[in-house]
J.: 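Okay, here's the structure, questions in a sec.
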There are 2 protein chains.
Amino acid sequence: MGETIQSVERAAAILRLLAGRRLGVAELARATALPKGTLHGILRTLVHVGFVEQDAATGKYRLGATLLHLGSSYLDVNELRARSLNWADGLAGRSRESVWIGTLHEGQVLVIHHVFRPDDSMQILQVGAYLPARTTALGKVLLAHDPYEESGGDELDLVRSRGWAADLEELEEGEVSLAAPIKDPSGVVVGAIGIRGALERLTRDGEVDMRYVSYVREAARAITRDLAR
Amino acid sequence: MGETIQSVERAAAILRLLAGRRLGVAELARATALPKGTLHGILRTLVHVGFVEQDAATGKYRLGATLLHLGSSYLDVNELRARSLNWADGLAGRSRESVWIGTLHEGQVLVIHHVFRPDDSMQILQVGAYLPARTTALGKVLLAHDPYEESGGDELDLVRSRGWAADLEELEEGEVSLAAPIKDPSGVVVGAIGIRGALERLTRDGEVDMRYVSYVREAARAITRDLAR
DNA sequence: CACGATGTTCGACAATGCCGAACGCTCGGG
DNA sequence: CCCGAGCGTTCGGCATTGTCGAACATCGTG
């Protein structure tokens, strides 16, 4: 791969540093080891294009509204997400649990779709959020089929051979998640779909209720077939 | 305002052009009137930082997954959205309609929160999407209080004086929306909250059902008070 | 009230990223 | 089957462009 443009790369680094918090020029200078003047020039440009906003009171910088729109535009083009929408709703209806679809991105699970549990309010939308890969069913499925991950251990081998994964209270107490892989036409795993819900609903006598596993695997296979068309 | 960094500004322009579609280097060259070589350098950098992905089959470029995460990170820092979450759920419960919160951005309504109508599946999430300003209740409220918009006409004057707006089938047939302004501690309108639903539910004899107007205005006042704390 | 922190401006220097032509490659029509 | 038009990509010379560090104004604080 060839050379890369310095200022653009620095601008991207700044945006990543600003993800989820407000930082000042001086704080950014310490984090990036760049002169304040240089940073200010990049920040001024980012403000000008709407990617960054400056707090009028404190002078600190935060991400801008344009990024929200660009991020949601990513979803519009995402093939996997477009094909999954209908099947995810169906899975939510059958299982009566919240449904999640994710992809592996920078070692974490990036949530690209999220259907709330039916008849249950007060849930916050997690699309665009990262979930840990090792303690969620989605993550286990994705790691087990990740070509760059070598020898993920016994658990991931099991996940790969039997075709689904479970997390039993590993991320949150009393919460269980199940997931299965989604493959593109060439057989490569490009994502995972799963459900998440209370321990007492998704398990029986400490074992995963296989009915829910079937629901999830059927949805995953349906999307996989859909992608092949 | 001082000078701005050329390459960063160009990179931002490319990202905006890529919003919602796939484009090739040649297409971008025509749209931006830049040499292909220059564009390629910027694109290579954007791919490197994950803001853009290249379709392996066609060679075309599309937005990358990193942007989805950055966009959702914007919401984490957004004060208005954080304070609105609870009140939006309450409004959805009372009105039994879908709830929307938006801000004016680049002349359009940027949706920063969206609660589905209770007991109704098959709705797609609109956070991050733009709505037209002139044909939605949210947009009318925001335009009516926009300091940069001068003399918005009789309808916007009415909206400003009575404190709420309605759209009667202006965006979609059979659909009605209502909205009221949210103000920051200094009195400036920073957003709007509203509901959207079927004509037959939100109106009586062709007139807006004032009970729903009350729900919406109460929610807006509650958030305004919340922001003052 | 002075100090240290902040965000901001500025100008000189040269490194940086721009440009345009040329390169392989893949299609599709003749 | 070949040719040409389109594509994405590479490359090196030139000068434009962005970098840098010191100096500035401003704020809050001990």
Side-chain angles (χ1 to χ4, degrees), chain A residues 1-65 74 77 79 185-186, chain B residues 1-65 74 77 79 185-186:
Chain A
M1 194 174 296
E3 288 294 295
T4 155
I5 295 178
Q6 189 186 55
S7 54
V8 173
E9 198 142 351
R10 285 175 172 178
I14 291 174
L15 291 177
R16 268 197 289 261
L17 284 170
L18 286 176
R21 56 187 163 175
R22 299 150 193 264
L23 293 175
V25 175
E27 294 171 287
L28 285 167
R30 261 174 267 130
T32 59
L34 288 174
K36 281 197 297 177
T38 304
L39 277 169
H40 184 74
I42 300 176
L43 283 168
R44 184 173 44 209
T45 309
L46 289 174
V47 169
H48 183 245
V49 297
F51 286 20
V52 160
E53 291 166 7
Q54 185 171 22
D55 197 303
T58 66
K60 298 201 173 204
Y61 293 91
R62 58 168 188 268
L63 294 184
Y74 164 76
V77 199
E79 188 94 6
S186 68
Chain B
M1 193 173 296
E3 289 293 295
T4 154
I5 294 177
Q6 188 187 53
S7 54
V8 174
E9 196 142 353
R10 288 174 170 178
I14 291 174
L15 291 177
R16 267 198 289 262
L17 284 170
L18 286 177
R21 56 187 164 172
R22 300 150 193 263
L23 293 175
V25 174
E27 293 171 287
L28 285 167
R30 260 174 269 130
T32 59
L34 287 174
K36 282 197 296 177
T38 304
L39 279 169
H40 184 73
I42 300 176
L43 283 168
R44 184 173 46 210
T45 310
L46 289 174
V47 168
H48 183 246
V49 297
F51 285 20
V52 160
E53 293 167 5
Q54 186 170 22
D55 196 303
T58 66
K60 296 200 172 204
Y61 292 91
R62 57 168 189 268
L63 295 183
Y74 164 77
V77 197
E79 189 94 6
S186 68

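Reminder, nothing fancy here: chain letters follow the sequence lines and each chain counts from 1.
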J.: Grab the NZ-P distance between A:K60 and C:dG7 for me, whole Å please.
T.: 7 Å

J.: Tell me which one of A:E27, A:R22, A:R21, A:Q54 satisfies side-chain contact (heavy atoms from CB on, under 4.5 Å) with A:Y61.
T.: A:Q54

J.: Are the side chains of B:L43 and B:I14 in touch, meaning some heavy atoms are under 4.5 Å apart?
T.: yes

J.: Output yes when at least one side-chain N/O atom of B:R44 is less than 4.0 Å from OP1 or OP2 of D:dT10, else no.
T.: yes

J.: What residues form a salt bridge (charged side-chain N to carboxylate O under 4.0 Å, His left out) with B:R62, not counting sequence neighbours?
T.: B:E53, B:D55

J.: Does a side-chain heavy-atom distance below 4.5 Å link B:L15 with A:V49?
T.: no

J.: Whole angstroms only, please: what is the CD-C1' distance between A:E3 and D:dG12?
T.: 13 Å

J.: What integer distance in Å separates A:Y61:OH from C:dT6:P?
T.: 13 Å

J.: Can A:L17 and A:L28 be said to form a side-chain contact (heavy atoms from CB on, under 4.5 Å), step by step?
T.: CA-CA 8 Å; A:L17 284 170; A:L28 285 167; 3.9 Å; yes

J.: Which residues, if any, of residues 5-14 of chain A bring a heavy atom under 4.0 Å of DNA chain D?
T.: A:Q6, A:S7, A:R10

J.: Mark yes or no for whether A:T45, through its side chain, and B:I5, through its backbone, hold a donor-acceptor pair below 3.5 Å.
T.: yes

J.: With a 3.5 Å distance limit and no angle check, can you tell me whether A:R10 reaches the backbone of A:T32 through a side-chain donor-acceptor pair?
T.: no

J.: Any idea which heavy atoms bring A:I42 and A:S7 closest together, and the distance?
T.: CD1-O, 4.4 Å

J.: Atom NE2 of A:H48 and atom C1' of C:dT8: how far apart are they, to the nearest Å?
T.: 18 Å

J.: Check each residue of residues 15-42 of chain A for a non-hydrogen atom within less than 4.0 Å of any atom in DNA chain D, then write out the ones that pass by number, or none.
T.: A:P35, A:G37, A:T38

